[in-house]
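Below you'll find the structure, written out as structure tokens, and then a few comments.
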Protein chains: 2
Amino acid sequence: MINKSSLCQQAVDLLKKRIISHALAPGQRLDEAALAMDLGISRTPLREALKILSAEGFVHIKPRRGCFVAELTPGDLEEIFPIMAMLEGRVAHEVAIKATADDLKRLAALHEKLEKHAAGHDVDRYYEVNYVFHDALQELAGNRWLQHMIGDLRRLLRLSRHRSLKLEGRQQESLAEHRALMDALRRRDAAAAEEIMKNHLLAQLVALRSMAARQEAA
Amino acid sequence: MINKSSLCQQAVDLLKKRIISHALAPGQRLDEAALAMDLGISRTPLREALKILSAEGFVHIKPRRGCFVAELTPGDLEEIFPIMAMLEGRVAHEVAIKATADDLKRLAALHEKLEKHAAGHDVDRYYEVNYVFHDALQELAGNRWLQHMIGDLRRLLRLSRHRSLKLEGRQQESLAEHRALMDALRRRDAAAAEEIMKNHLLAQLVALRSMAARQEAA
DNA sequence: ACCTCCTAGCTTGTATACAAAATAACGCAT
DNA sequence: ATGCGTTATTTTGTATACAAGCTAGGAGGT
């Protein structure tokens, strides 16, 4: 058993995974007794886990009425993406100033992977590496609170299965934006890096809108 | 008794107050049994409350070692203020665009109160109204997620008793910045409003720094 | 005298049992 | 048949009891 942490923490981790993977559907009611039985634990640690998930926005607890998996409306996305754009823009800004030549090399290596997966039309791996890339940037920015807030929002965004890269042409755009970002970082142009990152996020929002519109039409 | 909510929620609210007011000192260990006894509840709802407070950053839970009141280091302030500056800047931006003439009148009324308390050297009331003013702005911006995140950070900041307005001259500066903000809002100059608000927050950070330096010297 | 190991206690983590409130089901009256 | 009221059941909220890990203090050895 690698898992030596508390049952509460284990429950938090597992439920997050299930919520993000939509094994637990948005809006679904969570029955404490049934869920506890399913996880093989008692209600006490499970309830503590649900309180944590509630504070982090994954579920909503309606007093005396139960616990429900959170759902993100299109309106939420419209509100969250601009915030993310600001925060990640700030990250890019800091990285442009702080990163060492070595750091930039590591980023470049990740970017190369992105190019490769894009060329191979491997959307899943592209997403994966993209995540790692953004994560690495946050690490380099070295602002723990910024990192914390972005992390919260990122996890939340995953509640909605937005896969905007599936929109034709979007992956190429995304890649071009990443290229421009790497350029700005190498030039140590903080203002440009921030602006590019901002627009990168906002472009994702635009892509999501058109996907939603397309789905609406169908 | 107006208070009909769960014991857990009551505990959360009360503990927040105690932590913010420093009735519970930063770094202090919270003994579950003793605290539960003190609050007149059992450990079960108290533990749920502590989990929530932990997720919101008010306390840190070290597994099997206990729960400790969080403390903000000067480093944390240096990280948080720039984020706040961005977020509140964004709020100002949105308000400049969205606010109706009526909204602006309400804000102006609040600003008048600020001027009055400043003239009367009533620092406490100035802080109070200042809080209401910023809160009103967030309301007008109408971005619930932005509001949520700013709210979290604001409460966190109150962990450190930073009273930068006590620095001589700072209150007058603060007032001037508020005046400039109102001007920009009336002119519907979103970019200017955003910039002014950003600098308003960053100026607070600078004031805090010099207070810390002064305290260091003493 | 100091370090180590072991034990005793205290504190956190978990399970179960109980209380209270909300939902569902049933019967009655219209 | 339908709507309302009452009761039964389910489910959340809370308390208590139990298990397991950490801390501290003392005994024994070097």
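Below, chains carry the letters A, B, ... as their sequence lines are ordered, and counting in each starts from 1. Any value given below was found using the heavy atoms of this structure, including those in side chains, with hydrogens, waters and symmetry copies removed.
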- Task: Could you tell me which residues satisfy side chain to side chain donor-acceptor pair (under 3.5 Å) with A/K105, sequence neighbours excluded, listed by chain and number?
- Result: none
- Query: Is there a donor and acceptor pair closer than 3.5 Å between the side chain of B/T44 and the base of D/dT16?
  - Reply: yes
- For the pair made of CG in A/D31 and P in D/dG13, what is the distance, rounded to whole Å? 12 Å
- Nucleotide D/dT14, atom P - distance to CD1 of A/I61 in whole Å: 12 Å
- OP1, OP2 of D/dT10 versus side-chain N and O of A/R29: anything below 4.0 Å? no
- Query: Whole Å only: how far is the CG atom of B/L30 from the C1' atom of C/dT11?
  - Reply: 13 Å
- Message: Nearest whole Å is fine: how far is C/dT11 P from B/L35 CG?
- Response: 13 Å
- Task: Using the side-chain hydrogen bond (donor to acceptor under 3.5 Å, both in side chains) rule, collect all pairs that involve residues 52-61 of chain A, keeping only residues at least two apart or in two chains.
- Result: A/K16-A/E56
- Task: Taking B/Q28 for its side chain and B/A25 for its backbone only, find out whether a donor-acceptor pair lies under 3.5 Å.
- Result: yes
- Should B/H93 and B/M197 be marked as a side-chain contact (heavy atoms from CB on, under 4.5 Å) after you check the CA-CA gap, both sets of side-chain angles, and the distance that decides it? CA-CA 9 Å; B/H93 183 102; B/M197 180 62 99; over 6 Å; no
- Message: Please tell me if A/R43 has a side-chain N or O lying less than 4.0 Å from either OP1 or OP2 of C/dA17.
- Response: no
- Message: On DNA chain C, does the nearest nucleotide to A/L7 precede the nearest nucleotide to A/P63 from the 5' side, or the other way round? Give the residue.
- Response: A/L7
- Message: Can you see if the side chain of A/S42 gets near the phosphate of C/dA15 - specifically, an N or O under 4.0 Å from OP1 or OP2?
- Response: yes
- Which is true for A/L46 with a 4.0 Å heavy-atom rule: it touches a base, it touches only sugar-phosphate, or it touches nothing? nothing
- Item | Length of the line joining A/M37:CE and C/dT16:P, which is rounded to integer Å | 10 Å
- Choosing from D/dT14, C/dA20, D/dC22, which nucleotide comes nearest the side chain of B/P45? D/dT14
- Check whether any side-chain N or O of B/R47 sits under 4.0 Å from OP1 or OP2 of C/dG13, and answer yes or no. yes
- Nearest-Å distance, CZ (A/R64) to P (C/dA19)? 14 Å
- Item | Rounded interatomic separation in angstrom, taking CD from B/E48 and C1' from C/dT14 | 13 Å
- Considering only D/dT12, D/dA20, C/dA15, which nucleotide approaches the side chain of A/E32 most closely? D/dT12
- Closest heavy-atom contact between B/F133 and B/L107? CE1-O, 3.7 Å
- Query: Side chain of B/R65: nearest nucleotide among D/dT23, C/dT23, C/dT14?
  - Reply: D/dT23
- Task: Send over the distance from B/K62 NZ to D/dC22 P, rounded to a whole Å.
- Result: 14 Å
